[in-house]
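Structure, as structure tokens:
Note that this is a predicted model, so its numbers are computed, not measured.
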Amino acid sequence: MPLSTINDSDLDRLGLETPIGRIDRALKQLWEGDEAKTRASLINLAIYTEDGCQLVADNELLDHVAAQHACRALLILALPEAQPPRARAWIQALCRPYQGKQIVCSEQISFVLEGGDAAQVQNIVFAHLDSDLPLVVWWQADLTKNFEERLYSRIDTLIIDSARWEDPARQFDALLAAMNAEGGDFDLRDLAWTRSHFMRTALAACFQDATACHNLSKLQTIRITHLKGQRTTALLLAAWINQRLKASLSVELIEKDSGPALQGLVLEGDGVRGEVRRDCDSCFVRVSATCGEHTREDLLPADVDSDAELVSELLSRFHGSTLYSSMLPFVRSMLK
């Protein structure tokens with residue numbers, strides 16, 4: 001998608017267009033003479049996309065995240081196939097009142113890189129980071145040739161959404177290769193995995209009593225109902241279940257045209273059954289567990305749904321540990 005196909009009104013939302021060589025000076029001028037505003041930054045947060053249709057949504061996402069996490073925000077739209085090569089930039093302050101007195105602001109720098117190759121993307125990112133703060137990158141595109149060692153070796157936390165990948169098997173291969181290469185020791189977070197958090201928590205509630213735990217070995221099948229386009233999210237959940245049980249339960253996936261990403265999970269075996277169900281637009285999940293003649297039911301809260309909420313949630317706890325990386329080989333083996 002060339003830049004000419006993006007509406008000027010969409011570009012205007014990015015703030016003040018600024019020559020790339022004058023960005024630092026222009027940012028400094030944002031704060032001069034305005035003592036009511038305080039610039040704050042705890043991380044560098046970069047969003048990388050190659051889809052011009054995401055520009056407005058990503059701009060709104062950064063505004064939402066910056067309201068909860070002070071950051072230097074970088075929005076990078078790369079259009080590798082567009083010619084002739086050209087780079088444009090915009091700056092803006094993302095400000096929110098703090099304790100009713102002070103106004104705290106994050107800085108956002110947006111770039112559109114026509115003909116943007118790996119070297120240009122790296123130069124843009126590295127030249128506009130805020131001091132030595134951690135670098136968190138949400139890579140929305142496939143892991144193209146622009147995702148190379150010189151870039152990912154500088155990333156502290158990489159956020160992906162494997163549910164967006166058209167060819168997840170190929171992309172997981174590229175991801176595993178990067179993680180096993182020199183410089184591939186970045187912390188990895190997948191929004192597809194985060195979406196399953198409430199299901200995993202609810203499932204643990206199904207089998208928390210001694211009777212249910214004693215019958216775990218009898219489980220034979222996993223049935224997951226998911227939204228169209230969220231097959232990878234469902235597979236991640238199935239892989240986690242098999243890994244935790246140290247088993248190879250058969251997996252059945254049921255696709256729906258509407259509703260939340262994950263809508264139902266049933267584990268069944270001889271005399272034992274566990275079910276987690278989330279109805280459309282419900283903020284809760286219904287949990288039931290049956291062992292022989294004993295049935296237990298519960299109602300638990302569901303997690304957040306939107307990308308902005310998921311990313312914000314990740315940033316709140318991105319220093320915590322995750323089982324995700326250890327599951328990648330299992331998920332890859334399930335992909336055809």
Side-chain angles (χ1 to χ4, degrees), residues 1-8 10-11 14-15 17-24 26-27 44-59 61-62 71-91 107-130 133-162 164-186 188 190:
M1 173 185 287
L3 185 57
S4 59
T5 64
I6 301 176
N7 295 329
D8 289 339
D10 292 342
L11 295 176
L14 302 179
E17 185 164 8
T18 305
I20 289 180
R22 294 178 56 86
I23 287 176
D24 289 340
L27 287 173
N44 294 288
L45 174 61
I47 293 181
Y48 175 88
T49 181
E50 295 180 5
D51 181 1
C53 295
Q54 283 290 121
L55 194 64
V56 173
D58 285 340
N59 189 54
L61 185 150
L62 283 175
C71 62
R72 164 70 65 84
L74 304 178
L75 175 54
I76 302 171
L77 169 61
L79 305 169
E81 305 305 320
Q83 294 296 327
R86 181 173 61 156
R88 296 172 64 182
W90 293 259
I91 65 168
E107 295 173 337
Q108 178 178 326
I109 316 173
S110 303
F111 299 93
V112 176
L113 309 178
E114 293 183 279
D117 59 12
Q120 188 178 27
V121 171
Q122 292 160 18
N123 291 337
I124 285 294
V125 172
F126 299 155
H128 296 94
L129 298 180
D130 193 354
L133 296 176
L135 173 57
V136 180
V137 176
W138 181 10
W139 193 274
Q140 291 184 346
D142 285 350
L143 300 180
T144 59
K145 58 185 178 181
N146 282 353
F147 185 77
E148 62 172 30
E149 188 273 337
R150 186 167 175 261
L151 177 62
Y152 63 67
S153 64
R154 294 279 298 273
I155 294 174
D156 294 286
T157 298
L158 175 68
I159 299 174
I160 59 171
D161 186 354
S162 59
R164 291 188 178 198
W165 291 338
E166 292 185 7
D167 186 354
R170 182 178 179 182
Q171 293 302 308
F172 275 119
D173 285 342
L175 181 61
L176 287 165
M179 295 175 68
N180 291 325
E182 183 177 356
D185 57 351
F186 46 79
L188 179 62
D190 188 345

(message) Does Glu17 have more than 12 heavy atoms from other residues, nucleotides or ligands lying within 6.0 Å of its CD?
(response)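 Counting other residues, nucleotides and ligands, CD of Glu17 exceeds 12 neighbours.
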(request) Mark yes when over 12 heavy atoms from residues, nucleotides or ligands other than Gln83 sit less than 6.0 Å from its CD; otherwise mark no. (result) yes
To the nearest 0.5 Å, what is the distance between [atom1] on [X] and [atom2] on [Y]?
| X | Y | atom1 | atom2 | answer |
| --- | --- | --- | --- | --- |
| Ile91 | Phe111 | CD1 | CZ | 10.0 Å |
| Gln54 | Thr49 | CD | OG1 | 5.5 Å |
| Leu75 | Ile109 | CG | CD1 | 11.0 Å |
| Ile47 | Leu61 | CD1 | CG | 4.5 Å |
| Ile160 | Leu188 | CD1 | CG | 5.0 Å |
| Leu45 | Arg72 | CG | CZ | 12.0 Å |

If only atom types and distance count, is the side chain of [X] paired as donor or acceptor with the main-chain N or O of [Y] below 3.5 Å?
| X | Y | answer |
| --- | --- | --- |
| Asp156 | Leu135 | yes |
| Gln171 | Leu143 | yes |
| Asn123 | Ala119 | yes |

Would you say the side chain of [Y] lies within less than 4.5 Å of the side chain of [X], judging by non-hydrogen atoms?
| X | Y | answer |
| --- | --- | --- |
| Ile23 | His128 | yes |
| Leu11 | Trp90 | yes |
| Ile76 | Trp139 | no |
| Val125 | Tyr48 | no |
| Asp142 | Glu50 | no |
| Leu151 | Asn146 | no |
| Met179 | Phe186 | yes |
| Ile124 | Leu74 | no |

(request) Identify, with sequence neighbours excluded, every residue that meets side-chain hydrogen bond (donor to acceptor under 3.5 Å, both in side chains) alongside Asn44. (result)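 If we apply the side-chain hydrogen bond (donor to acceptor under 3.5 Å, both in side chains) test to Asn44, skipping adjacent residues, there are no hits.
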(request) Could you pull out all residues at least two apart from Glu148 that satisfy side-chain hydrogen bond (donor to acceptor under 3.5 Å, both in side chains)? (result)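 Expected list: Gln122.
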To check you understand the geometry: which heavy-atom pair defines the closest contact between [X] and [Y], and what is its length?
| X | Y | value |
| --- | --- | --- |
| Phe126 | Arg150 | CZ-O, 3.3 Å |
| Ala141 | Trp165 | O-NE1, 4.0 Å |
| Tyr152 | Ala181 | OH-CB, 3.5 Å |

(message) Here's a test for you: under side chain to side chain contact (heavy atoms under 4.5 Å, CB included), which of Leu77, Ile159, Asp58 qualifies with Gln140?
(response) Asp58
